[in-house]
Amino acid sequence: MDRFIINELIKWKENSDRKPLILLGARQVGKTYILKKFGKEYFSNYIYINCHNNEFVEKLFHNFDIKRILEDISIEYNSKITIGKTLLIFDEVQEVKNGIASLKYFCEDARELHVAVAGSLLGISLKENESFPVGKVNMLRMYPMTFKEFLKANENDALYQAVENLKWDVLEVVQSKLIDILRQYYFVGGMPEAVAEYFKSKDISKVRKIHSEILEAYYADISKHSKSMVMRIHQVWESIPKQLAKENKKFVFGLIRKGSRASDFELAIQWLVDAGLVYKIERCQNPSMPLKFYANNFSFKLYLLDCGLLATLSETQPKDILLGTKVFTEFKGAFTENFVLQQLMPISESKLYYFSKDNSTMEIDFLMQCNSRVVPIEVKAEENVKSKSFSQFINIDFKEKELKGIRCSMRSYVNQEWFENIPLYSVNDFFEKMIK
């Protein structure tokens, strides 16, 4: 399957000032797969080293003599290491003592060598008694597959090209087909193993089983890394579906358990954010640049990293997603907001926020800082797109800012003076081009 992050890896390879690369991301998003694919297609050879329960690696970093380390690797893996032609891959680097720290010395003593490591931000940041090589590494973040990548895996090239090039007239003709594929994505999501199984067998029970296994692996990680907070992390995690099912999706601590306070769960929430399992979208009280100046970190929403996992975690019946329009018309738009955010995260160069007024029901789903403008984003799961709040926000309350909004909905493309309506299936491509 094609992953577009390969383009960023190529840029890193060709950059003469590159440093060792850390590819970050939640478990199961495809970090190992893409690094191996990158090594196979863009280098003469690659050496893959899994650091988990590897006796050889446990002894490898007893000191930081890079020349000795490379000789040991070459002998152990019976492979020649050639500068400029070999990619050295360390997987689960956070599992081995001094693995992270060694990157400083790879940078200083073998800068010309291509070294890439895969790991979770959580595991790397929690590594005890080991300093992080600040300023000595490049970092890339990997996410679940976007709808664009899902569409590519569907192997309908004409449909893919029409979406990629935003051919609105063509897309209007094939909209029903695209909505059907969008519905499939809501169920399957973007975890690569689930996507591969779906297109291989179209067996939804197997897809749901893969999702369940991924969730179980996340539970195991929670228990492994956070023994003092296991119960609270589980409680936050399990509460997310009902938080998103509310009309107002602001995170309410009382929904976790009666009488809960922010101080009871702040660390648990931060753990989930650091693990890459949830996206925390803070409230912004003024749509002015930079948005971060006006953020309120005490009011926020939490979304899951993947809509397919949300479907499984919430125990939503497959037929309610794959058949009819129930997934779009019910659940208070939870799946659609999660979907849109999932498309924006890999391409957004700045943090996303949401807007709401004090003592008012007015809310704007997302605010994005794009180049030199603030972009209000409204998400509508249905074809009924009437919204007084969106119009009032742009045309009345903040008219002096001359904002132009983006509405993501089931309707076809429309460009009006104060907003553009873009079909949900084109979110990734539209915003990617807008940012560039």
Side-chain angles (χ1 to χ4, degrees), residues 24-29 94 119-128 141-144 189 214-285 291-292 294-307 309-314 332 334-335 337-342 344-346 348 350-356 363 365-367:
L24 296 168
R27 290 193 185 277
Q28 306 293 324
V29 297
Q94 71 274 7
S120 69
L121 178 59
L122 178 74
I124 289 174
S125 63
L126 293 182
K127 193 68 178 177
E128 295 181 0
R141 183 77 177 266
M142 192 170 186
Y143 297 87
I214 292 172
L215 291 174
E216 287 299 322
Y218 289 164
Y219 287 134
D221 269 356
I222 292 170
S223 300
K224 177 181 177 181
H225 290 292
S226 60
K227 295 178 182 178
S228 63
M229 295 189 295
V230 170
M231 181 177 293
R232 291 185 181 186
I233 294 172
H234 278 185
Q235 289 174 320
V236 172
W237 178 254
E238 294 288 345
S239 81
I240 291 177
K242 59 184 175 184
Q243 301 276 357
L244 292 177
K246 299 188 283 87
E247 190 73 47
N248 178 348
K249 295 172 176 56
K250 174 187 172 184
F251 195 86
V252 177
F253 289 95
L255 279 181
I256 301 176
R257 68 177 186 220
K258 191 174 180 180
S260 294
R261 296 173 300 175
S263 58
D264 297 329
F265 292 97
E266 284 174 340
L267 291 178
I269 289 171
Q270 193 58 49
W271 191 98
L272 289 167
V273 172
D274 289 344
L277 303 186
V278 303
Y279 303 134
K280 184 181 180 183
I281 306 300
E282 296 174 352
R283 180 189 179 199
C284 181
Q285 295 171 284
L291 292 174
K292 192 172 184 178
Y294 307 100
N296 178 351
N297 59 9
F298 295 105
S299 297
F300 58 89
K301 305 176 187 179
L302 289 185
Y303 296 88
L304 251 61
L305 78 159
D306 180 68
C307 55
L309 294 180
L310 175 61
T312 299
L313 185 64
S314 63
K332 306 298 183 185
F335 282 103
E337 277 192 36
N338 209 104
F339 163 81
V340 169
L341 180 61
Q342 189 173 338
L344 294 177
M345 288 301 294
S348 177
S350 59
K351 194 172 180 180
L352 292 160
Y353 300 87
Y354 79 96
F355 174 90
S356 67
E363 183 172 302
D365 297 312
F366 301 113
L367 292 178

Where is the tightest heavy-atom contact between [X] and [Y], given as atom of each residue plus distance?
X: Ser223; Y: Val230; answer: CA-CG2, 3.8 Å
X: Ser314; Y: Pro241; answer: CB-CB, 3.7 Å
X: Lys301; Y: Asp365; answer: NZ-O, 3.9 Å
X: Arg141; Y: Gly276; answer: NH2-CA, 3.6 Å
X: Asn296; Y: Gln285; answer: CB-OE1, 3.8 Å
X: Leu310; Y: Ala334; answer: CD2-O, 4.4 Å

- [ ] Starting from the C-alpha separation in whole Å, work towards a yes-or-no answer on side chain to side chain contact (heavy atoms under 4.5 Å, CB included) for Phe335 and Leu244.
- [x] CA-CA 8 Å; Phe335 282 103; Leu244 292 177; over 6 Å; no
Task: Electrostatic pair Glu363-Lys249, nearest N-O below 4.0 angstrom - done: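 Salt bridge flag = no for Lys249 with Glu363.
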- [ ] Go through the steps to decide whether Lys351 and Ile281 satisfy the test side chain to side chain contact (heavy atoms under 4.5 Å, CB included), and finish with yes or no.
- [x] CA-CA 8 Å; Lys351 194 172 180 180; Ile281 306 300; over 6 Å; no
- [ ] Please check if atom NZ in Lys292 has more than 12 non-hydrogen atoms from other residues, nucleotides or ligands closer than 6.0 Å.
- [x] no
Open item on the list: I'd like to know whether NZ of Lys250 has more than 12 heavy-atom contacts from other residues, nucleotides or ligands below 6.0 angstrom.
Closed with: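 No.
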Rounded at 0.5 Å granularity, tell me how far [atom1] in [X] sits from [atom2] in [Y].
X: Ser239; Y: Ile256; atom1: OG; atom2: CD1; value: 4.5 Å
X: Asn297; Y: Glu266; atom1: CG; atom2: CD; value: 8.5 Å
X: Trp237; Y: Ile222; atom1: CH2; atom2: CD1; value: 7.0 Å
X: Leu272; Y: Arg232; atom1: CG; atom2: CZ; value: 13.5 Å
X: Leu341; Y: Leu305; atom1: CG; atom2: CG; value: 10.5 Å
X: Tyr353; Y: Glu282; atom1: OH; atom2: CD; value: 6.0 Å

- [ ] Could you label the plane-to-plane angle of the Tyr279 and Tyr143 rings as parallel, tilted or perpendicular, counting under 30° as parallel and over 60° as perpendicular?
- [x]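 Plane angle between 30° and 60°, so tilted.
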Does any N or O in the side chain of [X] come within less than 3.5 Å of the main-chain N or O of [Y], such that one atom is a donor and the other an acceptor?
X: Gln342; Y: Cys307; value: yes
X: Ser348; Y: Met345; value: no
X: Asn338; Y: Leu304; value: yes
X: Lys280; Y: Val273; value: no
X: Asp264; Y: Arg261; value: yes

- [ ] Starting from the C-alpha separation in whole Å, work towards a yes-or-no answer on side chain to side chain donor-acceptor pair (under 3.5 Å) for Tyr303 and Glu337.
- [x] CA-CA 9 Å; Tyr303 296 88; Glu337 277 192 36; 2.5 Å; yes
Task: side chain to side chain contact (heavy atoms under 4.5 Å, CB included) assessment of Phe265 paired with Arg257 - done: CA-CA 11 Å; Phe265 292 97; Arg257 68 177 186 220; 4.0 Å; yes
For the residue pair [X] and [Y], establish whether any side-chain heavy-atom pair is separated by less than 4.5 Å.
X: Val236; Y: Trp271; value: no
X: Arg27; Y: Asp221; value: yes
X: Leu313; Y: Glu238; value: yes

- [ ] Please assess Phe251 against Phe253 for the test ring-ring contact (aromatic ring centres under 6.0 Å, His included), listing each intermediate value before the final yes or no.
- [x] CA-CA 6 Å; Phe251 195 86; Phe253 289 95; 5.3 Å; yes
Task: Audit row: Ile214, Asp306, side chain to side chain contact (heavy atoms under 4.5 Å, CB included) steps and yes/no - done: CA-CA 11 Å; Ile214 292 172; Asp306 180 68; over 6 Å; no
